[in-house]
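Heads up: the structure comes next, in structure tokens.
Letters A, B, ... are given to chains in the order of the sequence lines, protein chains preceding strands, and every chain is numbered from 1.
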2 protein chains.
Amino acid sequence: MLQTRVIAPAEGAYQFPLLIKRLLLSGSRYEKTREIVYRDQLRFSYLTLNERIARLANVLTAAGVKAGDTVAVMDWDSHRYLECMFAIPMIGAVVHTINVRLSPEQILYTMNHAEDRFVLVNSDFVGLYQAIAGQLTTVEKTLLLTDAESKTADLPNLVGEYEQLLAAASPVYDFPDFDENSVATTFYTTGTTGNPKGVYFTHRQLVLHTLAAASVTGSIDSVRLLGSNDVYMPITPMFHVHAWGIPYVATMLGIKQVYPGRYEPEMMCQLWRNEKVTFSHCVPTILQMLLNAKGAQDQDFGGWKIIIGGSALNRALYEAAKARGIQLTAAYGMSETCPLVSAAHLNDELLAGSEDECITYRIKAGVPVPLVETAIVDGEGNFLPNDGETQGELVLRAPWLTMGYFREPQKGAELWQGGWLHTGDVATLDSMGVIDIRDRIKDVIKTGGEWISSLELEDLISRHPAIREVAVVGVADPQWGERPFALLVVHENQVIDAKALKEHLKPFVELGHINKWAIPSQIALVTEIPKTSVGKLDKKRIRLDITQWQASNSTFLSTL
Amino acid sequence: MLQTRVIAPAEGAYQFPLLIKRLLLSGSRYEKTREIVYRDQLRFSYLTLNERIARLANVLTAAGVKAGDTVAVMDWDSHRYLECMFAIPMIGAVVHTINVRLSPEQILYTMNHAEDRFVLVNSDFVGLYQAIAGQLTTVEKTLLLTDAESKTADLPNLVGEYEQLLAAASPVYDFPDFDENSVATTFYTTGTTGNPKGVYFTHRQLVLHTLAAASVTGSIDSVRLLGSNDVYMPITPMFHVHAWGIPYVATMLGIKQVYPGRYEPEMMCQLWRNEKVTFSHCVPTILQMLLNAKGAQDQDFGGWKIIIGGSALNRALYEAAKARGIQLTAAYGMSETCPLVSAAHLNDELLAGSEDECITYRIKAGVPVPLVETAIVDGEGNFLPNDGETQGELVLRAPWLTMGYFREPQKGAELWQGGWLHTGDVATLDSMGVIDIRDRIKDVIKTGGEWISSLELEDLISRHPAIREVAVVGVADPQWGERPFALLVVHENQVIDAKALKEHLKPFVELGHINKWAIPSQIALVTEIPKTSVGKLDKKRIRLDITQWQASNSTFLSTL
């Protein structure tokens, strides 16, 4: 290490640890009367939020939660979740945000693996919890979360019901100082193989992520993504990377927050209207669902900015949303990255150019946010040129990346090979730093020596007017190694076959966007495309399905 | 320390130190063609800025600068200063920004005390430098900074001229990693007694200050103070708390930057017009100078946002600026605080109220920025209520406060008594966290058992139409302990005496704004009020002057 000048602090000088409790200071100073809203059931001010967080800390402490303990939460998106995201880390414990869409076996695995000692359970998940309770090896006590009138449930070692406990607790808590490198949050990410893996983030990392996210300039009218006067409603589950960390940002800035509970399109539309929501974020499939929902189809969503992440944002969805008044912007990140890595940004040159080119940049993964370092590497870890054409695995350095997988040293070391976090995404980087994600490494279709991006192909196919949803995967082929296979959902009363799809793609071959090997030789029309628990295309499952269909010579396959 | 969960990083995981080099990443990614402008002499893009910083690092390294060395800069506000603020810390050295308005003796003291090994000297200061060179104990080499055609000067151990050296150097430098707690910058602050004291800031502190400043929401149209599309020109010297740290913020966000060199009102107005400047910051006296400058008096400065700090912003100046199209907002900080502590913020309730009350809050020190903790204490260090009325010394905790005074352990310990940084300012805090600075502790006028804020009195007096500038100090009085004394500068062809001033203040006594003891018994009309090297009222000097005038029974004193 370089011999720089490091000076010991003066006697008494307070060395400020970056702790989550500090994010709570400014929101109520800026806007003490702004509200936290939960469905049509509850609303309270920032001043009350601060008090409720202290009450929750007292409840947990009285229940026996100590620094270093892990406290799990099974809830829909709620004010309670927001309060847990502060109170649990603020007493030095770790909040485990449970992905309630995993299978009971997987949830059981993650809870035992994370060594959860306390669990807060929404009444909707009591049945699920009861089914696994007998096999939980570390849980000591439970708390009930409920909107129902009945404030009890058949949960083992139940301390009580959340709102009742809060009401009885003191609204004052002297939150302690401790090491800023203490783990604050943890959750599990499901890969294609093996058990879910636990990522974890420290107080320092979450404070830095929050500050950097707050400073981000975005493509929407070239002003910052999230302004002091926005009204925020997440449409990404809070168990998924703390709703992308935006609740922390909103709280720091004193922004009105609206939590929709369980995702019911009608309730979400109602909240959007009544609470004047201006800012959300979600994966493409959730937005699709919302736009197509009954009751929402005639709704003009003017003034709504939505950040799209989790999967690529394609032009068809961008334009469909635009037609409904919604301004979409792409951002990029993953569970391992806390998650914010980059967001679309239109610079002066792009804004001076055509609207068409602007859209191209609004739907790309975008420009890394401040402090994030990016590179692309080949299979041996060599750095590749940032020319906007060369593809390689995107690798990252940033102050808020998981430092490994919990109790999986081998997988952690693989993630961090060569001192860079390996995203598993194939991307190009251009001279402006713009990240263009081409595919997941494992989803790239290798045909006749060529690499074809399944994402790019999906984007082009989605432009066909008959098609509502598409997934493309590579399937084994004796001659070419792999061949692209397209799974399609068409709009009502529409049809398409492999030949028509080929006709649709031919012009893109002629324009040089894709080569002719990229045209799928086989398609299947389905009513639904399998998704993962977080709403992404489940390509592992799709490949399995296709193998079975092909083995059984299913008649609904259309072949060129 | 609490036993929290701290997990060792996975093998190979990169632990990201918060280093200034990281602030440089995003500006050129966001806006690579935006410009850095120096007067009417030089302009270059962000891409070139990054290259020039690498060139400067190569020049310094070749000249023998090593990590841990201190490199001093004597320059006006320039692109060169900006480059030094990055390149010097980025090689692990410390940049000492010399206050060129100090006396030669004080500059000599600070350079020896800081142990400067290299000095970059603007040609305007060569004479000054020569006068002290013989007594400098640690300086080994000098670099010349100049706009002149001649690229040489009679400087001892001159390495060469800045632009020539940069042109010959490589534009690539592999900036190293090191401890984020390494000192990056240092400079000296002059108190009322004793030698200047050195404050210092680390890489970590400056990165956190930059992120927090970038996230600040402000009172101007309730949007953030500094937006991606602003054009920035400092009017606070870069030697003064790194121009309040805003060059780092602007660079991180890719904002166009305009450096005016020596402060010449005509040049500044020209730059404002030609470069379309939208954002600046300065002390009140500099703004006064600019508004009254020849050639600027008919200028409409529409669209210019200026943050006022360093001294209180009074309503008269706010309104005078407003009439010229300038939107002022107060902010608060000091050399010891890096400097940003708070900025005016108008919340929803205030914005819904009267314009008059809004102005009251636009000119207060405002709401602490994220992560900053504030309190007010009495003389024994007891915390006082935040009721908007009780006055006490403002004390602070934040991630970016100086951890002491360089090589002055005793003064450092005094600064940090009780684990809080003592600002030396008397303030009230209200329930919204708004800081209202009432006075410097040493400037409060203690008369007949009452404490009178000299600042409040100056504000009320400044509303008299005849008065251009005012300073109020307490002078010894055998009967009352102290009595207020007002030093006044009147507008051309205007006069005022103590009686007229009393008439002006009477209504404020009746309204309860001040008590009757606050009416000065004696005034003096002067053509200029003494200022410190950073443009603040020099009350130490004023008190000395008054003592002399009173001793000599000067005839220009007007007594009630």
If one checks every heavy atom of Thr202(A) against chain B at 4.5 Å, the contacting part turns out to be neither
Would you say that more than 12 heavy atoms from the other residues, nucleotides or ligands in this model lie under 6.0 Å from the CD of Glu11(A), or not? no
Polar side-chain atom of Thr186(B) near backbone of Val199(B) as donor-acceptor pair, under 3.5 Å:
yes
Under 4.5 Å to a heavy atom of chain A? For Val207(B) that would be side chain
When the 4.5 angstrom heavy-atom criterion is applied to Glu408(A) and chain B, the contacting part is neither
Practice problem: Flag this pair as yes if the NZ/CZ of Lys21(B) is under 6.0 angstrom from the six-membered ring centre of Phe175(B) and inside a 45 degree cone about the axis; otherwise no. | Solution: no
Under 4.5 Å to a heavy atom of chain B? For Arg407(A) that would be neither
Okay, Val94(B) and chain A: the region with an atom under 4.5 Å from a heavy atom over there is side chain
So, the part of Ser26(A) with a heavy atom under 4.5 Å from chain B: the answer is side chain
Between Thr329(B) and Ala344(B) the two heavy atoms that sit nearest each other are CG2-CB, 3.5 Å
The interface call for Ile91(A) against chain B, heavy-atom contacts under 4.5 Å, is backbone
When the 4.5 angstrom heavy-atom criterion is applied to Thr70(B) and chain A, the contacting part is side chain
Counting heavy-atom pairs under 4.5 angstrom with chain A, the leader among Gln205(B), Met252(B), Glu414(B), Gln417(B) is Met252(B)
Output for pair (Ile246(B) CD1, Asp230(B) CG), nearest 0.5 Å, gives 11.0 Å
Looking only at Gly433(A), Gly404(A), Ala10(A), most heavy-atom pairs under 4.5 Å shared with chain B are made by Ala10(A)
Applying a strict 4.5 Å limit to non-hydrogen atoms, the region of Tyr200(A) in contact with chain B is side chain
Pair count under 4.5 Å, heavy atoms only, with chain A: among Val434(B), Leu19(B), Asp430(B), Asp179(B), highest is Asp179(B)
Cut-off 4.5 Å, heavy atoms of chain A, and the answer for Phe406(B) is side chain
Residue from Pro409(A), Gly418(A), Pro399(A), Gly419(A) scoring the most non-hydrogen pairs under 4.5 Å with chain B is Pro399(A)
Heavy-atom closest pair (Thr402(B) atom, Trp416(B) atom, distance to 0.1 Å) is O-NE1, 2.9 Å
From the list Asp348(A), Val183(A), Leu47(A), Val372(A), the residue making the most non-hydrogen contacts under 4.5 Å with chain B is Asp348(A)
Most heavy-atom pairs under 4.5 Å with chain B, out of Ala398(A), Gly412(A), Ala93(A), belong to Ala398(A)
Counting heavy-atom pairs under 4.5 Å with chain A, the top scorer among Pro370(B), Ala413(B), Pro9(B) is Pro370(B)
Turns out that what part of Leu415(B) lies under 4.5 Å from chain A's heavy atoms comes down to neither
Among Glu373(B), Lys32(B), Gln3(B), the residue with the most heavy-atom pairs under 4.5 Å to chain A is Glu373(B)
Per-residue tally against chain A (heavy atom, under 4.5 Å) across Leu401(B), Val369(B), Leu350(B) peaks at Val369(B)
His203(B) (side chain) donor-acceptor with Ile20(B) (main chain) under 3.5 angstrom | yes
The interface call for Pro368(B) against chain A, heavy-atom contacts under 4.5 Å, is both
d(Lys197(B) NZ, Glu336(B) CD) to nearest 0.5 Å is 6.5 Å
Heavy atoms of Phe201(B) and Trp400(B) approach each other most closely as CE2-O, 3.4 Å
When the 4.5 angstrom heavy-atom criterion is applied to Ala8(B) and chain A, the contacting part is backbone
When every non-hydrogen atom of Leu206(A) is compared with those of Leu23(A), the smallest separation belongs to O-CD1, 4.4 Å
### Task
Measure the acute angle between the ring planes of His345(B) and Tyr30(A), then classify it against the limits of 30° and 60° as parallel, tilted or perpendicular.
tilted
Original post:
Near Gln410(A) CD, under 6.0 Å, is it more than 12 heavy atoms from other residues, nucleotides or ligands?
Top reply: no
In this structure, OG1 of Thr374(A) is separated from CZ of Arg397(A) (nearest 0.5 Å) by 12.0 Å
CG of Asn229(B) to CG of Leu351(A), rounded to nearest 0.5 Å, is 8.0 Å
Residue from Ser431(B), Ala13(B), Gly68(B), Ala184(B) scoring the most non-hydrogen pairs under 4.5 Å with chain A is Ala13(B)
Answer yes or no: is there an ion pair linking Arg22(B) with Glu180(B), defined by an N-O contact shorter than 4.0 Å?
no
If one checks every heavy atom of Leu371(B) against chain A at 4.5 Å, the contacting part turns out to be both
Bottom line for Asp177(B): the part with an atom under 4.5 Å from chain A's heavy atoms is backbone
Most heavy-atom pairs under 4.5 Å with chain B, out of Pro176(A), Gly12(A), Gly27(A), belong to Gly12(A)
Per-residue tally against chain B (heavy atom, under 4.5 Å) across Leu421(A), Asn181(A), Leu24(A), Leu18(A) peaks at Leu18(A)
* With distance as the sole test, does Thr138(A) use its side chain to make a donor-acceptor pair with the main-chain N or O of Asp116(A) at under 3.5 Å? -> yes
